[in-house]
Amino acid sequence: MTIEELIKEVLFIEEGIELTNETGPEDIDSWDSLGHVNIITAVEDEFDIEISPEEIGEIKTIGDIKKMLAQKDINPE
Amino acid sequence: MQPNSIVEGFFRSAENHPDKTAIIWKDVQISYREVSENVRKTATFLKMKGVGKGDRVAFYGDKNPFFAYTYLATHLLNAIAVPLDVKLPEERMLDLLQQTEPKVVLHPTEANHPFPQFPFDETILQESPLAEFSFPEKEDLADILFTTGTTGSAKGVKLTHQNILAGAVNSNQYIGNDDSDTEIIPLPLHHAFGLRRLRTNLFLGATVILADGFMFPKVFFDAIEKQGATGICMVPSGFSIVKKLMKDRYIQYFNKLKYIEFGSSPMKLDEKQELAENLPDTRICMHYGLTEAAANIFIEFHEAAGKLHALGKASPNVQVAILSNEGQEKAIGEIGEIVVKGDIQTPGYWKKPELTKKSFIDGWFKTGDLGYKDDEGYVFLSGRKDDVINIGGKKVFPSEIEAALNQHPAVKDSACISISKGDELTGERIKAYLVLKGKEEPTPKELSQFLRGKLEPYKIPQDFQFIRKIPTTSSGKKQRDKLK
(Lines give C-alpha, C1' and ligand atoms only; values in the text may rest on other atoms or scores of the structure.)
Protein backbone atom coordinates (compact mmCIF):
# COMPACT_ATOMS: atom_id res chain seq x y z
CA MET A 1 0.00 0.00 0.00
CA THR A 2 1.36 3.43 -0.90
CA ILE A 3 1.34 6.33 1.58
CA GLU A 4 -1.25 8.08 -0.60
CA GLU A 5 -3.54 5.02 -0.48
CA LEU A 6 -3.08 4.74 3.26
CA ILE A 7 -3.98 8.39 3.82
CA LYS A 8 -7.00 8.12 1.53
CA GLU A 9 -8.26 5.22 3.59
CA VAL A 10 -7.54 6.82 6.96
CA LEU A 11 -9.06 10.20 6.08
CA PHE A 12 -12.01 8.79 4.12
CA ILE A 13 -10.91 10.71 1.02
CA GLU A 14 -13.06 10.12 -2.04
CA GLU A 15 -11.65 8.45 -5.14
CA GLY A 16 -10.48 10.87 -7.80
CA ILE A 17 -8.84 13.36 -5.42
CA GLU A 18 -5.14 13.55 -6.22
CA LEU A 19 -2.61 13.57 -3.41
CA THR A 20 0.97 14.73 -3.96
CA ASN A 21 4.10 15.05 -1.84
CA GLU A 22 3.10 18.66 -1.12
CA THR A 23 -0.39 17.76 0.16
CA GLY A 24 -0.89 18.65 3.82
CA PRO A 25 -3.57 19.60 6.38
CA GLU A 26 -4.37 22.84 4.54
CA ASP A 27 -5.47 20.91 1.47
CA ILE A 28 -7.66 18.18 2.94
CA ASP A 29 -10.61 19.00 5.19
CA SER A 30 -10.43 15.74 7.10
CA TRP A 31 -6.70 16.19 7.77
CA ASP A 32 -7.34 17.90 11.07
CA SER A 33 -5.65 17.22 14.43
CA LEU A 34 -7.40 13.91 14.84
CA GLY A 35 -6.74 12.98 11.23
CA HIS A 36 -3.07 13.82 11.78
CA VAL A 37 -2.81 11.38 14.66
CA ASN A 38 -4.73 8.74 12.72
CA ILE A 39 -2.26 9.07 9.85
CA ILE A 40 0.70 8.73 12.21
CA THR A 41 -0.87 5.74 13.95
CA ALA A 42 -1.70 4.09 10.63
CA VAL A 43 1.88 4.61 9.38
CA GLU A 44 3.25 3.14 12.62
CA ASP A 45 0.94 0.13 12.31
CA GLU A 46 1.52 -0.41 8.62
CA PHE A 47 5.32 -0.37 8.84
CA ASP A 48 5.62 -1.66 12.38
CA ILE A 49 7.66 1.33 13.58
CA GLU A 50 7.47 3.92 16.34
CA ILE A 51 7.65 7.55 15.33
CA SER A 52 9.24 9.80 17.95
CA PRO A 53 7.81 13.18 19.07
CA GLU A 54 10.71 14.91 17.27
CA GLU A 55 9.94 13.09 14.00
CA ILE A 56 6.23 13.82 14.41
CA GLY A 57 7.03 17.51 14.84
CA GLU A 58 8.59 17.51 11.36
CA ILE A 59 5.59 15.95 9.58
CA LYS A 60 3.59 18.60 7.78
CA THR A 61 3.04 17.01 4.34
CA ILE A 62 2.87 13.61 2.66
CA GLY A 63 6.41 14.20 1.42
CA ASP A 64 7.57 14.60 5.04
CA ILE A 65 6.14 11.19 5.89
CA LYS A 66 8.03 9.61 2.99
CA LYS A 67 11.19 11.42 4.07
CA MET A 68 10.83 10.13 7.60
CA LEU A 69 10.28 6.59 6.32
CA ALA A 70 13.29 6.86 4.00
CA GLN A 71 15.42 7.77 7.01
CA LYS A 72 14.32 4.46 8.47
CA ASP A 73 15.17 2.69 5.19
CA ILE A 74 11.51 2.07 4.39
CA ASN A 75 10.27 2.58 0.86
CA PRO A 76 6.49 2.08 0.71
CA GLU A 77 5.04 1.05 -2.64
CA MET B 1 -24.01 45.43 39.53
CA GLN B 2 -23.50 42.52 37.19
CA PRO B 3 -23.52 43.44 33.50
CA ASN B 4 -26.48 42.35 31.36
CA SER B 5 -24.35 40.89 28.62
CA ILE B 6 -20.92 39.54 27.75
CA VAL B 7 -20.21 42.58 25.59
CA GLU B 8 -21.02 44.95 28.46
CA GLY B 9 -18.73 42.94 30.75
CA PHE B 10 -15.98 43.06 28.14
CA PHE B 11 -16.16 46.88 27.87
CA ARG B 12 -16.03 47.16 31.66
CA SER B 13 -12.88 45.02 31.67
CA ALA B 14 -11.41 47.22 28.95
CA GLU B 15 -12.18 50.31 31.02
CA ASN B 16 -10.71 48.79 34.18
CA HIS B 17 -7.41 47.61 32.70
CA PRO B 18 -6.97 48.94 29.16
CA ASP B 19 -3.29 48.02 28.89
CA LYS B 20 -3.74 44.41 29.85
CA THR B 21 -3.37 41.82 27.07
CA ALA B 22 -6.73 40.51 25.93
CA ILE B 23 -5.72 38.30 22.99
CA ILE B 24 -2.47 36.64 21.97
CA TRP B 25 -2.51 35.44 18.39
CA LYS B 26 0.53 34.23 16.51
CA ASP B 27 2.77 35.86 19.16
CA VAL B 28 1.07 39.25 18.71
CA GLN B 29 -0.33 40.67 21.95
CA ILE B 30 -3.46 42.79 21.63
CA SER B 31 -4.50 44.88 24.63
CA TYR B 32 -8.02 45.40 25.94
CA ARG B 33 -7.80 49.00 24.69
CA GLU B 34 -6.96 47.85 21.16
CA VAL B 35 -9.60 45.13 21.12
CA SER B 36 -12.32 47.51 22.39
CA GLU B 37 -11.30 50.10 19.79
CA ASN B 38 -11.42 47.45 17.04
CA VAL B 39 -14.79 46.19 18.25
CA ARG B 40 -16.18 49.73 17.95
CA LYS B 41 -14.63 50.14 14.50
CA THR B 42 -16.14 46.83 13.38
CA ALA B 43 -19.51 47.82 14.83
CA THR B 44 -19.30 51.06 12.86
CA PHE B 45 -18.47 49.11 9.69
CA LEU B 46 -21.44 46.81 10.22
CA LYS B 47 -23.74 49.72 11.01
CA MET B 48 -22.72 51.42 7.75
CA LYS B 49 -23.75 48.23 5.96
CA GLY B 50 -27.19 48.54 7.48
CA VAL B 51 -26.93 46.16 10.42
CA GLY B 52 -29.24 47.00 13.30
CA LYS B 53 -31.11 45.36 16.16
CA GLY B 54 -32.19 41.79 15.44
CA ASP B 55 -30.32 41.53 12.11
CA ARG B 56 -28.14 38.49 11.61
CA VAL B 57 -24.42 38.82 10.92
CA ALA B 58 -22.82 35.61 9.63
CA PHE B 59 -19.05 35.21 9.76
CA TYR B 60 -16.44 32.51 9.60
CA GLY B 61 -15.22 30.94 12.82
CA ASP B 62 -11.62 31.61 11.88
CA LYS B 63 -9.30 31.51 14.85
CA ASN B 64 -8.10 35.09 14.70
CA PRO B 65 -8.86 38.40 16.44
CA PHE B 66 -11.27 39.47 13.65
CA PHE B 67 -13.61 36.81 14.95
CA ALA B 68 -13.60 38.38 18.42
CA TYR B 69 -14.04 41.90 17.01
CA THR B 70 -16.97 40.87 14.81
CA TYR B 71 -18.63 38.77 17.48
CA LEU B 72 -18.58 41.55 20.09
CA ALA B 73 -19.39 44.25 17.50
CA THR B 74 -22.49 42.32 16.43
CA HIS B 75 -23.65 42.28 20.05
CA LEU B 76 -22.82 45.95 20.47
CA LEU B 77 -25.31 46.65 17.67
CA ASN B 78 -27.83 44.33 19.33
CA ALA B 79 -27.67 42.19 16.20
CA ILE B 80 -27.41 38.38 16.21
CA ALA B 81 -24.13 36.58 15.61
CA VAL B 82 -24.12 33.52 13.33
CA PRO B 83 -20.62 31.99 13.46
CA LEU B 84 -19.95 29.55 10.62
CA ASP B 85 -17.66 26.55 10.49
CA VAL B 86 -14.75 27.38 8.18
CA LYS B 87 -14.95 23.88 6.76
CA LEU B 88 -18.61 24.05 5.80
CA PRO B 89 -19.27 22.63 2.36
CA GLU B 90 -20.88 25.18 0.04
CA GLU B 91 -24.27 23.50 -0.02
CA ARG B 92 -24.43 23.35 3.76
CA MET B 93 -23.34 26.97 4.12
CA LEU B 94 -26.06 28.04 1.72
CA ASP B 95 -28.60 26.17 3.84
CA LEU B 96 -27.49 27.97 7.01
CA LEU B 97 -27.51 31.35 5.28
CA GLN B 98 -30.94 30.74 3.80
CA GLN B 99 -32.23 29.80 7.21
CA THR B 100 -30.87 32.92 8.90
CA GLU B 101 -31.01 35.47 6.00
CA PRO B 102 -28.07 37.54 7.25
CA LYS B 103 -27.76 41.25 6.54
CA VAL B 104 -24.02 40.80 6.14
CA VAL B 105 -21.78 37.77 5.58
CA LEU B 106 -18.05 37.98 6.26
CA HIS B 107 -15.69 35.37 4.87
CA PRO B 108 -12.11 35.39 3.62
CA THR B 109 -12.80 34.56 -0.03
CA GLU B 110 -15.74 35.22 -2.31
CA ALA B 111 -18.50 32.65 -1.94
CA ASN B 112 -21.46 31.72 -4.05
CA HIS B 113 -24.60 32.95 -2.24
CA PRO B 114 -27.07 35.81 -2.68
CA PHE B 115 -26.41 37.63 0.61
CA PRO B 116 -24.26 40.82 0.89
CA GLN B 117 -20.72 39.62 1.45
CA PHE B 118 -17.52 41.37 2.54
CA PRO B 119 -13.97 40.22 3.16
CA PHE B 120 -13.20 39.06 6.67
CA ASP B 121 -9.97 40.98 7.23
CA GLU B 122 -8.64 44.48 8.05
CA THR B 123 -11.39 45.96 5.85
CA ILE B 124 -13.75 45.79 8.80
CA LEU B 125 -11.46 48.08 10.82
CA GLN B 126 -11.24 50.95 8.36
CA GLU B 127 -14.10 53.11 9.59
CA SER B 128 -13.55 55.70 12.32
CA PRO B 129 -15.35 54.40 15.37
CA LEU B 130 -18.64 55.99 16.31
CA ALA B 131 -18.81 57.08 19.90
CA GLU B 132 -22.23 55.97 21.04
CA PHE B 133 -23.53 52.46 21.38
CA SER B 134 -25.98 50.99 23.86
CA PHE B 135 -25.64 47.54 25.34
CA PRO B 136 -28.25 44.84 24.67
CA GLU B 137 -30.78 43.62 27.25
CA LYS B 138 -30.61 40.14 28.75
CA GLU B 139 -33.57 38.77 26.87
CA ASP B 140 -32.38 39.96 23.43
CA LEU B 141 -31.10 37.28 21.05
CA ALA B 142 -27.31 37.14 20.95
CA ASP B 143 -26.36 34.14 18.83
CA ILE B 144 -27.66 31.48 16.50
CA LEU B 145 -25.33 28.50 16.71
CA PHE B 146 -25.81 25.59 14.37
CA THR B 147 -25.39 22.29 16.11
CA THR B 148 -22.79 19.81 14.97
CA GLY B 149 -25.05 16.94 16.04
CA THR B 150 -24.60 13.57 14.48
CA THR B 151 -28.15 13.18 13.25
CA GLY B 152 -30.63 15.12 11.17
CA SER B 153 -30.35 18.46 9.42
CA ALA B 154 -28.74 21.59 10.86
CA LYS B 155 -30.63 23.23 13.69
CA GLY B 156 -30.03 26.86 14.60
CA VAL B 157 -29.92 27.12 18.38
CA LYS B 158 -31.06 30.53 19.61
CA LEU B 159 -29.14 31.92 22.58
CA THR B 160 -30.02 35.11 24.44
CA HIS B 161 -27.54 37.39 26.16
CA GLN B 162 -28.78 35.93 29.43
CA ASN B 163 -28.01 32.38 28.20
CA ILE B 164 -24.43 33.13 27.23
CA LEU B 165 -23.84 35.25 30.32
CA ALA B 166 -25.10 32.42 32.53
CA GLY B 167 -22.84 29.95 30.69
CA ALA B 168 -19.84 32.14 31.52
CA VAL B 169 -20.79 32.87 35.12
CA ASN B 170 -21.63 29.24 35.95
CA SER B 171 -18.47 27.76 34.48
CA ASN B 172 -16.23 30.42 36.09
CA GLN B 173 -17.87 29.71 39.41
CA TYR B 174 -17.18 25.99 39.08
CA ILE B 175 -13.69 26.13 37.60
CA GLY B 176 -12.53 29.07 39.68
CA ASN B 177 -10.75 30.95 36.89
CA ASP B 178 -10.52 34.72 37.11
CA ASP B 179 -9.06 37.82 35.46
CA SER B 180 -5.52 36.82 36.42
CA ASP B 181 -5.65 33.78 34.13
CA THR B 182 -4.29 33.24 30.64
CA GLU B 183 -6.11 30.51 28.77
CA ILE B 184 -5.09 28.61 25.64
CA ILE B 185 -8.03 28.10 23.27
CA PRO B 186 -7.21 25.50 20.61
CA LEU B 187 -10.89 24.78 19.88
CA PRO B 188 -12.81 26.08 16.87
CA LEU B 189 -14.57 29.33 17.68
CA HIS B 190 -17.80 28.60 15.80
CA HIS B 191 -18.35 25.70 18.19
CA ALA B 192 -20.25 26.23 21.46
CA PHE B 193 -17.35 25.14 23.70
CA GLY B 194 -14.58 27.23 22.09
CA LEU B 195 -16.88 30.22 21.77
CA ARG B 196 -17.93 29.98 25.43
CA ARG B 197 -14.30 29.95 26.53
CA LEU B 198 -13.56 33.04 24.40
CA ARG B 199 -16.58 34.93 25.75
CA THR B 200 -15.94 33.84 29.31
CA ASN B 201 -12.35 35.05 29.38
CA LEU B 202 -12.99 38.36 27.65
CA PHE B 203 -15.95 38.97 29.95
CA LEU B 204 -13.75 38.34 32.99
CA GLY B 205 -10.87 40.49 31.78
CA ALA B 206 -8.51 37.53 31.40
CA THR B 207 -6.10 36.79 28.52
CA VAL B 208 -6.74 34.27 25.74
CA ILE B 209 -4.17 32.62 23.49
CA LEU B 210 -5.75 31.56 20.19
CA ALA B 211 -3.99 28.35 19.11
CA ASP B 212 -4.39 26.38 15.89
CA GLY B 213 -5.88 23.09 17.02
CA PHE B 214 -4.02 20.17 18.55
CA MET B 215 -1.82 19.16 15.65
CA PHE B 216 1.31 20.86 16.97
CA PRO B 217 1.23 20.62 20.80
CA LYS B 218 4.62 22.29 21.13
CA VAL B 219 2.67 25.55 20.76
CA PHE B 220 0.89 24.80 24.05
CA PHE B 221 4.11 24.03 25.82
CA ASP B 222 5.61 27.32 24.62
CA ALA B 223 2.47 29.15 25.75
CA ILE B 224 2.82 27.66 29.23
CA GLU B 225 6.57 28.25 29.48
CA LYS B 226 6.93 31.60 27.78
CA GLN B 227 3.53 33.27 27.97
CA GLY B 228 2.55 32.03 31.40
CA ALA B 229 -0.65 30.26 30.35
CA THR B 230 -2.59 29.04 33.39
CA GLY B 231 -5.48 27.21 31.73
CA ILE B 232 -6.50 25.33 28.61
CA CYS B 233 -9.77 24.06 27.18
CA MET B 234 -9.71 20.75 25.38
CA VAL B 235 -11.83 18.00 23.95
CA PRO B 236 -10.85 14.47 25.06
CA SER B 237 -9.64 13.62 21.58
CA GLY B 238 -7.41 16.70 21.79
CA PHE B 239 -5.78 15.31 24.88
CA SER B 240 -5.34 11.91 23.22
CA ILE B 241 -3.64 13.71 20.35
CA VAL B 242 -1.30 15.59 22.67
CA LYS B 243 -0.47 12.38 24.49
CA LYS B 244 0.06 10.44 21.30
CA LEU B 245 2.31 13.09 19.83
CA MET B 246 4.24 14.12 22.92
CA LYS B 247 4.06 10.97 25.06
CA ASP B 248 4.57 11.69 28.78
CA ARG B 249 6.16 15.04 28.12
CA TYR B 250 2.78 16.70 28.49
CA ILE B 251 2.96 16.08 32.26
CA GLN B 252 5.80 18.47 33.02
CA TYR B 253 4.01 21.29 31.20
CA PHE B 254 0.38 20.64 32.09
CA ASN B 255 1.41 20.32 35.73
CA LYS B 256 1.97 24.06 35.70
CA LEU B 257 -1.62 24.76 34.71
CA LYS B 258 -4.14 25.97 37.27
CA TYR B 259 -7.03 24.38 35.37
CA ILE B 260 -8.07 22.38 32.33
CA GLU B 261 -11.64 22.28 31.08
CA PHE B 262 -12.65 19.23 29.09
CA GLY B 263 -15.94 18.72 27.30
CA SER B 264 -17.98 17.93 24.20
CA SER B 265 -17.54 14.15 24.24
CA PRO B 266 -16.93 11.42 26.81
CA MET B 267 -13.46 10.56 28.01
CA LYS B 268 -12.21 7.07 28.77
CA LEU B 269 -12.09 6.22 32.45
CA ASP B 270 -8.41 5.26 32.39
CA GLU B 271 -7.51 8.60 30.80
CA LYS B 272 -9.38 10.46 33.55
CA GLN B 273 -7.54 8.45 36.19
CA GLU B 274 -4.24 9.03 34.48
CA LEU B 275 -4.79 12.78 34.36
CA ALA B 276 -5.86 12.95 38.00
CA GLU B 277 -2.75 11.04 38.99
CA ASN B 278 -0.29 12.90 36.77
CA LEU B 279 -1.61 16.40 37.44
CA PRO B 280 -2.27 16.47 41.20
CA ASP B 281 -2.34 20.26 41.53
CA THR B 282 -4.32 21.13 38.41
CA ARG B 283 -8.06 21.54 38.63
CA ILE B 284 -9.28 19.16 35.93
CA CYS B 285 -12.90 19.97 35.18
CA MET B 286 -15.05 18.22 32.64
CA HIS B 287 -18.45 19.45 31.60
CA TYR B 288 -21.41 17.75 30.06
CA GLY B 289 -23.47 20.08 27.96
CA LEU B 290 -25.07 20.93 24.69
CA THR B 291 -25.19 24.00 22.52
CA GLU B 292 -28.74 24.38 23.83
CA ALA B 293 -27.70 24.31 27.50
CA ALA B 294 -24.00 24.96 27.98
CA ALA B 295 -21.99 23.05 30.59
CA ASN B 296 -24.97 22.03 32.68
CA ILE B 297 -23.07 19.31 34.58
CA PHE B 298 -19.50 19.43 35.88
CA ILE B 299 -17.07 16.98 37.43
CA GLU B 300 -13.58 17.60 38.85
CA PHE B 301 -11.32 14.59 38.54
CA HIS B 302 -9.70 14.79 41.99
CA GLU B 303 -12.84 15.65 43.94
CA ALA B 304 -14.81 12.82 42.32
CA ALA B 305 -12.01 10.26 42.30
CA GLY B 306 -14.35 7.35 43.02
CA LYS B 307 -17.03 8.53 40.59
CA LEU B 308 -15.08 9.24 37.46
CA HIS B 309 -17.47 7.17 35.36
CA ALA B 310 -20.17 9.76 36.14
CA LEU B 311 -20.87 12.90 34.14
CA GLY B 312 -20.80 14.83 37.40
CA LYS B 313 -23.30 16.95 39.30
CA ALA B 314 -25.48 19.87 38.20
CA SER B 315 -23.44 23.03 37.54
CA PRO B 316 -23.89 26.06 39.77
CA ASN B 317 -27.30 27.72 39.18
CA VAL B 318 -28.55 24.78 37.06
CA GLN B 319 -31.10 22.05 37.82
CA VAL B 320 -30.75 18.58 36.30
CA ALA B 321 -33.39 15.86 36.51
CA ILE B 322 -34.10 12.43 35.04
CA LEU B 323 -37.57 12.18 33.56
CA SER B 324 -39.73 9.47 32.03
CA ASN B 325 -41.30 9.99 28.60
CA GLU B 326 -44.42 11.19 30.42
CA GLY B 327 -42.46 13.82 32.37
CA GLN B 328 -42.39 12.01 35.72
CA GLU B 329 -39.18 12.20 37.72
CA LYS B 330 -37.42 8.84 37.86
CA ALA B 331 -36.28 7.24 41.09
CA ILE B 332 -32.58 7.02 42.02
CA GLY B 333 -30.83 4.55 39.74
CA GLU B 334 -33.62 4.42 37.13
CA ILE B 335 -32.80 5.33 33.56
CA GLY B 336 -34.69 8.19 31.93
CA GLU B 337 -34.01 11.27 29.85
CA ILE B 338 -31.58 13.84 31.25
CA VAL B 339 -33.34 17.24 31.34
CA VAL B 340 -31.99 20.60 32.45
CA LYS B 341 -33.35 23.94 33.62
CA GLY B 342 -31.64 27.27 34.23
CA ASP B 343 -30.65 30.59 32.68
CA ILE B 344 -28.35 28.70 30.30
CA GLN B 345 -31.19 27.01 28.43
CA THR B 346 -32.03 28.10 24.91
CA PRO B 347 -35.41 29.65 24.17
CA GLY B 348 -35.57 27.26 21.18
CA TYR B 349 -34.55 26.76 17.58
CA TRP B 350 -34.46 29.42 14.89
CA LYS B 351 -37.62 29.21 12.76
CA LYS B 352 -38.38 25.69 13.98
CA PRO B 353 -41.40 26.08 16.31
CA GLU B 354 -42.35 22.39 16.14
CA LEU B 355 -38.87 21.22 17.06
CA THR B 356 -38.75 23.83 19.84
CA LYS B 357 -42.04 22.57 21.25
CA LYS B 358 -40.84 18.97 21.18
CA SER B 359 -37.60 19.87 22.95
CA PHE B 360 -39.16 21.04 26.21
CA ILE B 361 -41.27 19.44 28.88
CA ASP B 362 -42.71 21.54 31.72
CA GLY B 363 -39.96 24.13 31.30
CA TRP B 364 -37.17 21.51 31.22
CA PHE B 365 -34.95 21.23 28.16
CA LYS B 366 -34.76 17.64 26.92
CA THR B 367 -31.17 16.69 26.14
CA GLY B 368 -31.99 13.54 24.18
CA ASP B 369 -29.47 11.69 26.35
CA LEU B 370 -30.42 8.87 28.65
CA GLY B 371 -29.01 8.53 32.11
CA TYR B 372 -29.66 8.11 35.79
CA LYS B 373 -28.76 9.75 39.10
CA ASP B 374 -27.30 8.22 42.23
CA ASP B 375 -28.12 9.15 45.80
CA GLU B 376 -25.35 11.76 45.90
CA GLY B 377 -26.70 13.62 42.88
CA TYR B 378 -24.12 12.33 40.41
CA VAL B 379 -25.54 11.89 36.93
CA PHE B 380 -24.50 8.94 34.78
CA LEU B 381 -24.88 8.67 31.01
CA SER B 382 -26.43 5.49 29.58
CA GLY B 383 -26.56 6.42 25.92
CA ARG B 384 -28.09 8.68 23.35
CA LYS B 385 -31.84 8.38 23.11
CA ASP B 386 -31.86 8.00 19.35
CA ASP B 387 -28.90 5.58 19.32
CA VAL B 388 -30.84 3.03 21.31
CA ILE B 389 -31.06 -0.32 19.54
CA ASN B 390 -34.20 -2.34 20.03
CA ILE B 391 -33.62 -6.08 20.01
CA GLY B 392 -36.92 -7.84 20.30
CA GLY B 393 -38.25 -5.17 22.63
CA LYS B 394 -35.14 -5.09 24.74
CA LYS B 395 -33.24 -1.81 24.74
CA VAL B 396 -29.52 -1.90 24.03
CA PHE B 397 -27.16 1.06 24.30
CA PRO B 398 -24.29 0.94 21.78
CA SER B 399 -21.97 2.65 24.29
CA GLU B 400 -22.36 -0.30 26.66
CA ILE B 401 -21.32 -2.85 24.01
CA GLU B 402 -18.47 -0.62 22.88
CA ALA B 403 -17.15 -0.30 26.43
CA ALA B 404 -17.07 -4.11 26.67
CA LEU B 405 -15.46 -4.54 23.25
CA ASN B 406 -12.80 -1.94 24.04
CA GLN B 407 -11.61 -4.12 26.90
CA HIS B 408 -10.47 -6.77 24.39
CA PRO B 409 -6.66 -6.61 24.24
CA ALA B 410 -6.64 -6.34 20.44
CA VAL B 411 -9.33 -3.65 20.20
CA LYS B 412 -8.50 0.04 20.29
CA ASP B 413 -11.95 1.48 19.68
CA SER B 414 -15.34 0.40 18.44
CA ALA B 415 -18.73 1.62 17.30
CA CYS B 416 -21.94 -0.39 17.24
CA ILE B 417 -24.98 0.21 15.12
CA SER B 418 -28.22 -1.58 14.41
CA ILE B 419 -28.97 -3.17 11.10
CA SER B 420 -32.64 -3.48 10.38
CA LYS B 421 -33.62 -6.69 8.66
CA GLY B 422 -37.23 -7.46 8.01
CA ASP B 423 -36.71 -11.19 8.36
CA GLU B 424 -34.96 -10.93 11.71
CA LEU B 425 -36.98 -12.20 14.63
CA THR B 426 -35.51 -9.49 16.78
CA GLY B 427 -36.29 -6.68 14.31
CA GLU B 428 -32.74 -5.38 14.47
CA ARG B 429 -29.33 -6.90 14.80
CA ILE B 430 -26.13 -5.37 16.05
CA LYS B 431 -23.06 -4.80 13.96
CA ALA B 432 -19.75 -3.79 15.53
CA TYR B 433 -17.06 -1.82 13.74
CA LEU B 434 -13.64 -2.26 15.29
CA VAL B 435 -10.37 -0.40 15.14
CA LEU B 436 -7.52 -2.69 16.07
CA LYS B 437 -4.46 -1.82 18.17
CA GLY B 438 -2.08 -3.83 16.03
CA LYS B 439 -2.11 -6.47 13.37
CA GLU B 440 -3.64 -9.21 15.47
CA GLU B 441 -7.15 -9.75 14.08
CA PRO B 442 -9.48 -11.63 16.42
CA THR B 443 -12.11 -13.83 14.76
CA PRO B 444 -15.83 -13.07 15.24
CA LYS B 445 -16.04 -16.23 17.31
CA GLU B 446 -13.28 -15.06 19.66
CA LEU B 447 -14.92 -11.67 20.03
CA SER B 448 -18.33 -13.19 20.77
CA GLN B 449 -16.79 -15.47 23.35
CA PHE B 450 -14.97 -12.55 24.93
CA LEU B 451 -18.25 -10.67 25.29
CA ARG B 452 -20.21 -13.60 26.70
CA GLY B 453 -19.10 -13.00 30.24
CA LYS B 454 -19.62 -9.30 30.02
CA LEU B 455 -22.96 -8.77 28.30
CA GLU B 456 -26.36 -10.36 28.07
CA PRO B 457 -26.54 -12.67 25.02
CA TYR B 458 -28.92 -10.38 23.11
CA LYS B 459 -26.38 -7.55 23.34
CA ILE B 460 -23.63 -9.45 21.56
CA PRO B 461 -23.15 -8.27 17.96
CA GLN B 462 -23.68 -10.73 15.14
CA ASP B 463 -21.50 -8.92 12.66
CA PHE B 464 -17.98 -7.57 13.09
CA GLN B 465 -16.03 -5.44 10.66
CA PHE B 466 -12.53 -4.02 11.00
CA ILE B 467 -11.93 -0.43 9.95
CA ARG B 468 -9.08 2.03 10.36
CA LYS B 469 -11.01 4.80 12.07
CA ILE B 470 -14.37 5.42 13.67
CA PRO B 471 -15.92 8.46 11.98
CA THR B 472 -16.28 11.33 14.45
CA THR B 473 -17.40 14.93 14.39
CA SER B 474 -14.77 17.66 14.73
CA SER B 475 -15.41 17.61 18.47
CA GLY B 476 -14.81 13.86 18.71
CA LYS B 477 -18.37 12.54 18.95
CA LYS B 478 -18.84 9.16 17.29
CA GLN B 479 -20.87 9.41 14.10
CA ARG B 480 -22.48 5.99 14.21
CA ASP B 481 -24.95 6.99 11.53
CA LYS B 482 -22.10 7.29 9.02
CA LEU B 483 -21.47 3.58 9.44
CA LYS B 484 -25.02 2.67 8.44
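Computed from a predicted model, the values in this text were never measured in an experiment. All chains are named by letter (A, B, ...) in the order of the sequence lines, taking the proteins before the strands, and each is independently numbered beginning at 1.
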Trainee: Determine, stepwise, if the pair A:Glu50 / A:Lys72 fulfils salt bridge (charged side-chain N to carboxylate O under 4.0 Å, His left out).
Mentor: CA-CA 10 Å; A:Glu50 190 168 340; A:Lys72 294 178 186 290; over 6 Å; no
Trainee: Given A:Asp64 and A:Lys60, is the salt bridge (charged side-chain N to carboxylate O under 4.0 Å, His left out) satisfied, shown in steps?
Mentor: CA-CA 6 Å; A:Asp64 293 335; A:Lys60 295 187 172 64; over 6 Å; no
Trainee: Can you say whether B:Lys437 sits under 4.5 Å from chain A via the side chain, the backbone, both, or neither, judging by heavy atoms?
Mentor: backbone
Trainee: Is it the side chain or the backbone of B:Lys469 that comes within 4.5 Å of chain A heavy atoms, both, or neither?
Mentor: both
Trainee: I'd like to know if B:Glu274 and B:Lys243 make a salt bridge, using a cut-off of under 4.0 Å between side-chain N and carboxylate O.
Mentor: yes
Trainee: How about B:Phe221 and B:Tyr253: are their ring centres within less than 6.0 Å of each other?
Mentor: yes
Trainee: Please determine whether a side-chain nitrogen of the Lys or Arg among B:Lys272 and B:Glu277 lies less than 4.0 Å from a carboxylate oxygen of the Asp or Glu.
Mentor: no
Trainee: Between A:Pro53, A:Ser52, A:Gly35, which shows the greatest number of heavy-atom pairs under 4.5 Å with chain B?
Mentor: A:Pro53
Trainee: Is the ring centre of B:Phe239 less than 6.0 Å from the ring centre of B:Tyr250?
Mentor: yes
Trainee: Under a 4.5 Å heavy-atom cutoff, which of A:Leu11, A:Ile40, A:Thr41 has the most pairs with chain B?
Mentor: A:Thr41
Trainee: So for B:Phe216, is it side chain, backbone, both, or neither that comes closer than 4.5 Å to the heavy atoms of chain A?
Mentor: side chain
Trainee: Measure A:Glu55 against the heavy atoms of chain B and call it side chain, backbone, both or neither at under 4.5 Å.
Mentor: neither
Trainee: Looking at B:Lys247, B:Lys412, B:Arg249, which has the largest count of heavy-atom pairs under 4.5 Å with chain A?
Mentor: B:Arg249
Trainee: Using non-hydrogen atoms and a 4.5 Å limit, figure out which bit of B:Thr472 sits close to chain A: side chain, backbone, both or neither.
Mentor: side chain
Trainee: Quick one: what part of A:Asp45 sits under 4.5 Å from any heavy atom of chain B, side chain, backbone, both or neither?
Mentor: both
Trainee: For B:Asp270, I'd like to know if atom CG has over 12 heavy atoms of other residues, nucleotides or ligands within 6.0 Å.
Mentor: yes
